[in-house]
Amino acid sequence: MTLSPPKTQTKQYSWPGLIEAYRHYLPVTESTPVITLYEGNTPLIPVPYIAAQIGRQVQVFVKYDGLNPTGSFKDRGMTLAISKAKQAGARAVVCASTGNTSASAAAYARRGGLRVFVLIPDGYVALGKLAQALLYGAEVLSIQGNFDQALNVVKQMAEQYPVTLVNSLNPFRLEGQKTAAFEVVDTLGNAPDWLCIPVGNAGNVTAYWMGFCQYHEAGNCDRLPRMMGFQAVGAAPIVTGKAVAHPDTVATAIRIGNPANWQRAIAVREASQGEFRAVTDAEILTAYQMLATQEGIFCEPASAASVAGLLKLKDQVPTGATVVCVLTGNGLKDPETAIQQPGQQFHKCIKPELTEVAQVLGF
Ligand code: F0G
């Protein structure tokens with residue numbers, strides 16, 4: 001008797017990545033090569049301690065987009081931008097970045113077999129992000145200037161050389177990022193009352209609004225949220241109405257003085273009857289620590305701006321409202337800021353003896 005060879009098992013993934021999951025709503029065709037790392041489908045996590053700071057039966061959730069494959073929401077836009085670049089025959093992509101875009105562009109471009117060039121502001125990119133871009137195989141140029149200056153250079157580069165720009169000026173980036181709004185509605189069954197979100201180059205706030213509007217038109221939700229955008233005080237051009245020549249904040253991801261999507265963000269604020277406000281670095285770090293110590297959620301400082309903003313405006317939240325705060329990036333991106341926070345209990349040079357350990361712990 002001859003044994004038949006085992007049947008080949010093709011693994012079925014329950015989540016196919018966001019292009020397949022939301023194909024109907026995205027500008028892709030059968031001939032688009034899908035470059036995916038199975039991004040999206042990130043959890044919407046209740047944060048009861050933060051909700052209790054507000055009271056009045058307000059429900060608060062965080063959309064934890066730091067759980068994407070490269071640790072930030074950028075993967076949503078990058079799967080589409082790189083797939084479309086590849087479809088158009090591109091061989092190389094370029095971006096300026098405060099860190100996360102560079103990590104995401106590097107991962108997706110390399111997976112798609114493309115070269116990737118990233119320009120980052122020298123000395124102002126969190127360690128984890130730089131490590132990612134380098135290991136994925138990006139060609140990294142550290143610029144003696146800030147993000148806004150680096151963006152100017154890459155825009156010109158994409159005009160004059162055969163490289164595709166994958167900053168959020170690339171329309172496919174926002175098309176991909178809008179899927180986060182779809183997921184929020186799919187989970188809650190409707191749009192929230194407030195959507196709190198950190199704002200840097202103002203692409204993500206624009207993308208979320210696109211997503212909510214598209215889902216509303218499709219009849220998947222019967223209301224739209226107020227879009228509440230938060231910038232850091234030292235980098236708050238949209239709040240003050242003036243470009244900032246030397247932006248400065250501990251939240252390096254949103255250290256941006258002249259956002260590329262400035263006008264679109266203003267349009268979103270008007271259309272949604274939302275508000276854009278500035279939060280101080282101290283408020284950002286308080287929210288960052290509160291999320292970690294009270295909710296068990298480690299995000300990066302820029303992400304905590306959404307929660308800092310909510311806490312700042314807590315008296316304005318309507319009774320019984322549902323609020324979603326977007327946590328854009330994973331805390332592991334920026335270990336240095338985490339370690340520097342005050343109030344941590346880190347006892348060093350302890351002898352490996354029970355009596356000593358018990359004594360330090362107060363037993
Ligand atoms: N949060 C994080 C963690 C970010 O990395 C960024 C932007 C934002 C919020 C703001 O989003 O620009 O769409 O308003 N990071 C870009 C980058 C600039 O290069 O990684 P935005």
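Read the numbers this way: they start at 1 and go in the same order the structure lists the ligands and their atoms. Just so we're clear, the structure is a prediction, and the values are computed from it rather than from any experiment.
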Would you check if there is a donor-acceptor pair between the side chains of [Y] and [X] at a distance under 3.5 Å?
X: Ser72; Y: Thr328; answer: no
X: Glu183; Y: Tyr22; answer: no
X: Thr249; Y: Asp281; answer: yes
X: Thr42; Y: Arg76; answer: yes

N or O contact, Thr328 vs ligand 1, cut-off under 3.5 Å: yes
Sub-3.5 Å N/O-N/O distance, Thr98 and ligand 1: yes
Using a 4.0 Å heavy-atom cut-off, which part of [X] comes near ligand 1: side chain, backbone, both, or neither?
X: Ile254; result: side chain
X: Lys74; result: side chain
X: Ile256; result: side chain

Nearest non-hydrogen protein atom, atom 4 (C) of ligand 1: Ala253 CB, 3.6 Å
Identity and distance of the protein heavy atom lying nearest atom 11 (O) of ligand 1: Phe73 CZ, 3.5 Å
Minimum non-hydrogen distance to atom 13 (O) of ligand 1, winning option of Thr101, Thr252, Asn204: Asn204
Identity of the nearest option to atom 12 (O) of ligand 1, non-hydrogen atoms only, from Val326, Leu174, Asn201: Asn201
Aromatic Tyr124 / basic Arg255 pairing, under 6.0 angstrom, 45° off normal: yes
Trace of the side chain to side chain donor-acceptor pair (under 3.5 Å) decision for Gln132 with Asn100: CA-CA 9 Å; Gln132 288 179 288; Asn100 282 323; over 6 Å; no
As an exercise, identify every atom of ligand 1 less than 4.0 angstrom from a heavy atom of [X].
X: Glu300; value: 3 (C)
X: Val199; value: 14 (O)
X: Gly203; value: 13 (O), 14 (O), 21 (P)
X: Asn100; value: 2 (C), 3 (C), 4 (C), 5 (O), 20 (O)
X: Ser97; value: 17 (C), 19 (O), 20 (O)

Centroid-centroid distance, Tyr25 to Phe182, less than 6.0 Å: yes
Presence of salt bridge, Glu275 and Arg269, under 4.0 angstrom: no
Residues, nucleotides or ligands: over 12 heavy atoms within 6.0 Å of Gln160 CD: yes
CZ/Arg23: more than 12 non-hydrogen atoms of other groups inside 6.0 Å: yes
Ligand 1 contacted by Ser168 (non-hydrogen, < 4.0 Å): no
